[in-house]
Amino acid sequence: MISAPPRDSGLNQAQWQAVTCVDGPLLVLAGAGTGKTRVITYRMAELIRRGVAPDRILSVTFTNKAAREMQERALGLLGRRQRSRPVVSTFHSLCVRILRADITRLGYPERFAIYDRGDQESAARRALRDIRISDAALRPGDLLACISRWKMVGITPDQAREFIEDDRDQLAAMAYRRYQSQLRASGAVDFDDLLMLTETLFDQHPDVLERWQDTFSHVQIDEYQDTNELQFRLIEQLVRPHRNLCVVGDDDQSIYGWRGAEIKHILGFQQQFPGAVIVRLQENYRCTEGIIQLANQLVRHNLGRHEKRLVAHKEGVNEINFRNYPDEQAEAEGVVRDIAYLVRHLSVKEDDLAILFRTNEQPRLFESELRRQRLRYVLVGGQSFFDRREVRDLMAYLKVLAFPDDEVSLLRIINTPTRGIGDAAVEKILQRAVKSGTSFWRAVEPALVAGEISARTASNVRGFFEQLQGWRERAIHQPAQLAQLLTDLVKQIDYESEIRKQYKESQQQVSRLAVIDECVTAIKEYTSRSLKPSLTEFLEETSLTGRDDGFGDDDPLKKSGIRLMTLHSAKGLEFPRVYLVGLEEGLLPHQRAVDEGTLSGIEEERRLAYVGITRARDYLTITSAATRTKWGKRRESVPSRFLKEMLTPIEDEEGEVSTSH
DNA sequence: AAGGAGGGTTTTTTT
DNA sequence: AACCCTCCTT
């Protein structure tokens with residue numbers, strides 16, 4: 001009993017079925033470019049049309065940027081004059097919302113700091129130092145990988161010992177405990193904690209779970225193929241009473257296995273939710289026929305996938321090019337020359353072009369070529385604004401103001417710029433604080449009395465504390481003036497001199513100093529946008545959306561340009577012309593995946609290539625270099641196995657040749 | 001405690 | 001080649 005799609009919706013039969021099937025579990029297997037975002041937004045509208053209150057509909061997206069865009073689209077469809085709005089959020093933002101109300105029940109402060117990757121690394125480093133593990137045995141990065149692996153399936157430090165497989169895990173389990181108590185003592189959580197603590201909260205306080213179960217009557221998840229174990233469990237709990245769950249995804253685009261994404265969730269949806277309806281969207285409106293064929297042919301080499309065949313709706317000829325260059329420099333020059341020609345002589349818009357690559361070291365050469373040709377470009381993701389040292393310093397100052405317990409941030413800035421509080425003194429004070437169970441600040445006087453630090457140092461620490469208190473007052477009482485506070489703070493600590501000292505070259509100095517202004521601008525932008533600005537909200541926002549663009553580039557000029565991004569960041573996007581570069585063994589598939597020697601590792605790389613190809617609407621250029629310089633040494637580069645795969649037709653089950661060219 | 005020199009390490013992808 | 005850590009000198 002499926003009605004025909006209304007004419008003005010422009011939806012096809014399958015899409016319409018997915019839109020109108022609103023009760024019970026539904027799996028939408030949506031290939032690339034089949035209009036799944038449209039389906040999700042129309043589905044929200046349909047639910048509301050059927051009388052569901054907008055704010056009882058929860059849609060989960062993969063990035064905050066995607067959430068913003070979907071919210072926009074939905075409002076465009078529904079009209080902005082709704083009394084309430086559908087909730088569109090990432091898993092992490094949703095968990096923050098859940099935790100904010102009840103995290104005190106788990107012994108955390110009401111206002112908790114969210115540690116980003118850099119903070120995590122500092123905390124990991126300290127945990128390792130505390131138990132005196134030699135650097136070679138376990139590095140901070142390895143530790144974080146282990147911890148994250150555990151956390152993503154909800155394993156606590158206590159449970160970790162049961163999952164130890166080798167000596168390294170043994171060490172990691174010890175360090176995990178330290179790391180976790182360090183975070184707890186700092187009143188801080190990391191990204192994985194957001195999910196894990198939410199589950200703990202639901203387990204220990206069923207009333208909280210019930211409240212959230214009652215809050216949403218319908219839940220939809222986009223990019224379901226990238227859902228990890230913990231995320232799955234949370235959602236499963238949330239929808240348990242009504243099972244009104246719609247998940248949308250494409251197993252061929254699962255590219256986050258390394259982050260715990262379990263392809264089994266999308267493959268086994270019907271087992272987990274018996275009675276689930278499956279709708280397949282296979283009509284591709286994005287790419288030309290040749291591009292679809294190429295993508296299909298490549299991805300058919302993967303085992304363990306839902307069989308589906310994308311059907312192209314667009315025709316096109318000669319839209320695919322393969323190029324091999326002598327080295328990576330020539331590759332960059334060649335691609336950019338090509339682009340320059342298109343832009344200058346064929347009036348192709350810069351926004352219509354994208355260069356996609358596997359690793360973040362690749363764009364450098366392309367960037368300098370683009371600059372040389374005076375073409376506008378935007379580097380998406382990569383070393384983000386918030387990863388720069390100066391930004392991290394200033395953010396640490398703000399975090400210390402907002403979260404007095406945040407030890408990691410305090411240690412970062414206590415002597416930056418230098419103010420006569422050396423490592424030795426800090427260490428002594430910390431030891432005292434730990435021994436007597438008090439805060440860092442309260443341990444200063446006892447340390448002085450015990451003769452562990454000099455009177456001079458003690459007075460320096462006191463002075464800094466006074467300064468912090470002054471800023472803190474302002475942050476609390478004049479939340480609208482945060483930008484001015486930061487400006488004054490920077491001046492008071494004379495951060496400019498610090499930068500000039502650190503960087504000798506004037507060009508470096510200028511660009512680093514500009515970063516300060518960008519920080520101030522970011523806060524200004526926030527305070528003018530927020531209804532009720534607060535330092536904690538600003539910090540929360542920046543740590544959750546840090547890598548999304550939209551920061552530092554509020555200048556519309558910067559927003560248009562040739563897009564440079566990794567294949568991972570390109571997920572969900574599309575461009576009329578795509579350059580997929582560096583298709584070589586060791587790069588795509590990445591060396592790490594090759595070394596691993598597992599089939600699933602290579603398959604994920606293949607899906608990554610598949611994602612890259614299917615970003616292209618009309619034109620696709622795939623390039624590789626014959627040699628590549630790595631670690632200062634030139635090496636032969638072998639063309640990626642995927643090239644051969646995508647160009648060799650493979651046999652159908654019936655024994656027919658499926659495609660030809 | 002601060003600053004500089006030298007040596008070793010590093011690179012997959014990100015909420 | 002960039003960054004971080006450690007050690008050395010002041």
Side-chain angles (χ1 to χ4, degrees), chain A residues 60-67 89-96 114-118 120-122 125 129 135-136 139-142 144-145 148 151-152 189-195 223 226-228 230-231 254-261 356-362 364-365 380-384 386-389 414-427 453-454 456-457 460 498 501-504 508 542-548 565-571 582 586-596 601 604-605 607-609 611-612 629-633:
Chain A
V60 181
T61 57
F62 193 70
T63 64
N64 283 288
K65 192 179 158 208
S89 159
T90 60
F91 275 108
H92 289 84
S93 297
L94 175 67
C95 288
V96 168
I114 301 171
Y115 277 4
D116 60 21
R117 178 70 202 192
Q120 286 182 49
E121 225 160 80
S122 311
R125 204 160 267 137
R129 195 175 302 171
D135 287 2
R139 281 166 304 198
D142 302 335
L144 284 174
S148 189
K151 281 190 175 180
M152 278 179 308
V189 303
D190 65 18
F191 282 117
D192 300 318
D193 279 339
L194 289 173
L195 303 173
E223 309 284 10
D226 291 319
T227 303
N228 72 28
L230 211 40
Q231 292 166 335
S254 168
I255 53 175
Y256 281 90
W258 50 276
R259 224 176 62 187
L356 307 182
F357 37 82
R358 176 67 175 86
T359 70
N360 275 316
E361 66 174 343
Q362 287 171 271
R364 295 191 170 210
L365 287 173
V380 181
Q383 220 232 347
S384 92
F386 289 94
D387 288 338
R388 293 197 233 167
R389 178 211 285 241
I414 189 141
N415 206 28
T416 309
T418 54
R419 50 172 69 85
I421 308 172
D423 297 342
V426 170
E427 208 43 55
I453 58 172
S454 68
R456 191 195 188 90
T457 306
N460 287 338
E498 173 72 10
K501 231 185 294 178
Q502 209 94 156
Y503 305 98
K504 299 283 152 63
Q508 278 248 333
T542 50
S543 49
L544 286 175
T545 65
R547 283 190 108 87
D548 286 11
M565 64 184 98
T566 63
L567 289 165
H568 284 87
S569 331
K571 186 171 81 159
L587 217 45
L588 188 65
H590 194 273
Q591 194 59 44
R592 283 277 260 263
V594 176
D595 291 345
E596 219 175 73
E604 181 152 320
E605 297 289 314
R607 290 193 290 269
L608 218 33
V611 167
T629 313
K630 200 176 185 183
W631 282 307
K633 238 172 77 180

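All heavy atoms count here, side chains included; hydrogens, waters and symmetry mates do not. Below, chains carry the letters A, B, ... as their sequence lines are ordered, and counting in each starts from 1. Computed from a predicted model, the values in this text were never measured in an experiment.
- Distance check: A:F191 CZ to A:Y115 OH gives 13.0 Å after rounding to the nearest 0.5 Å.
- Remark: P of B:dT14 and NZ of A:K65 are 13 Å apart, rounded to the nearest angstrom.
- Here the nucleotide nearest the side chain of A:R389, chosen from B:dT13, C:dC4, B:dA1, is C:dC4.
- Side-chain atoms of A:R364 lie closest to C:dA2 of the nucleotides B:dT15, B:dT13, C:dA2.
- Using a 4.0 Å heavy-atom cutoff across all strands shown, A:R125 reaches sugar-phosphate atoms only and no base atom.
- The closest donor-acceptor contact from the side chain of A:D192 to the backbone of A:M152 lies at 3.5 Å or more, if one exists at all.
- Between A:S569 and B:dT14 there is a side-chain N or O to OP1 or OP2 distance below 4.0 Å.
- Along DNA chain B, the nucleotide closest to A:S454 and the one closest to A:E605 are compared, and the more 5′ of them pairs with A:S454.
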If you restrict it to nitrogen or oxygen atoms, what contacts under 3.5 Å exist between nucleotides 2-6 of chain B and the protein, and what is each distance?
| from | atom 1 | to | atom 2 | distance (Å) |
| --- | --- | --- | --- | --- |
| B:dA2 | OP1 | A:G420 | N | 2.9 |
| B:dA2 | OP2 | A:N415 | ND2 | 2.8 |

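- Between A:N360 and B:dT13 there is a side-chain N or O to OP1 or OP2 distance below 4.0 Å.
- For the pair A:L587 CG and B:dT11 C1', the interatomic distance rounds to 11 Å; values are reported in whole Å.
- Take A:L230 and apply the side-chain contact (heavy atoms from CB on, under 4.5 Å) test, not counting sequence neighbours, and it matches A:L195, A:M196, A:E199, A:N228, A:R233.
- Distance alone, capped at 3.5 Å, is enough to place a donor-acceptor pair between the A:N460 side chain and the A:G420 backbone.
- Contacts of A:T457 with the nucleic acid, taken as non-hydrogen atoms under 4.0 Å apart, involve only primed sugar atoms and P, OP1 or OP2.
- Under the side-chain contact (heavy atoms from CB on, under 4.5 Å) criterion, A:E604 pairs with A:W258, A:R607, not counting sequence neighbours.
- The separation between A:D226 atom CG and B:dT15 atom C1' is 11 Å, rounded to whole Å.
- With sequence neighbours left out, the side-chain contact (heavy atoms from CB on, under 4.5 Å) criterion links A:E596 to A:T598.
- Listed by chain and number, the residues in a side-chain contact (heavy atoms from CB on, under 4.5 Å) with A:T90 are A:T61, A:N64, A:H92, A:S93 (sequence neighbours excluded).
- Atom CD in A:Q591 sits roughly 12 Å away from atom C1' in B:dT11 (whole-Å rounding).
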Using atom names, set out every protein N or O paired with an N or O of nucleotides 7-10 of chain C below 3.5 Å, distance rounded to 0.1 Å.
none

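- Between A:L544 and A:L194, the closest side-chain pair of non-hydrogen atoms falls below 4.5 Å.
- Side-chain N/O atoms of A:T63 include none lying less than 4.0 angstrom from OP1 or OP2 on B:dT14.
- One interatomic measurement links the two molecules: NE2 of A:H568 to C1' of B:dT15, which rounds to 12 Å at whole-angstrom precision.
- Counting non-hydrogen atoms under 4.0 angstrom, A:A424 reaches the backbone sugars and phosphates but no base.
- Of the candidates B:dT14, B:dT15, B:dT11, the closest approach to any side-chain atom of A:E361 belongs to B:dT11.
- Spacing between atom CD of A:E223 and atom P of B:dT14 amounts to 14 Å, rounded to whole angstrom units.
- Taking every side-chain heavy atom of A:R259 into account, B:dT14 is the closest of B:dT11, B:dT14, C:dA2.
- Taking every side-chain heavy atom of A:R592 into account, B:dT11 is the closest of B:dT11, B:dT14, B:dT15.
- If you measure from atom CG of A:N228 to atom C1' of B:dT13, you get 15 Å, rounded to the nearest angstrom.
- The distance from the CG atom of A:L587 to the CD atom of A:E605 is 9.5 Å, given to the nearest 0.5 Å.
- With rounding to whole Å, A:F62 atom CZ is found 10 Å from B:dT14 atom P.
- Distances were taken from every side-chain heavy atom of A:Y256 (C-beta onward) to each of B:dA1, B:dT13, B:dT14; the shortest belongs to B:dT14.
- Between A:I255 and A:L567 there is no side-chain heavy-atom pair separated by less than 4.5 Å.
- Counting heavy atoms from C-beta on, the side chains of A:F357 and A:T566 come closer than 4.5 Å.
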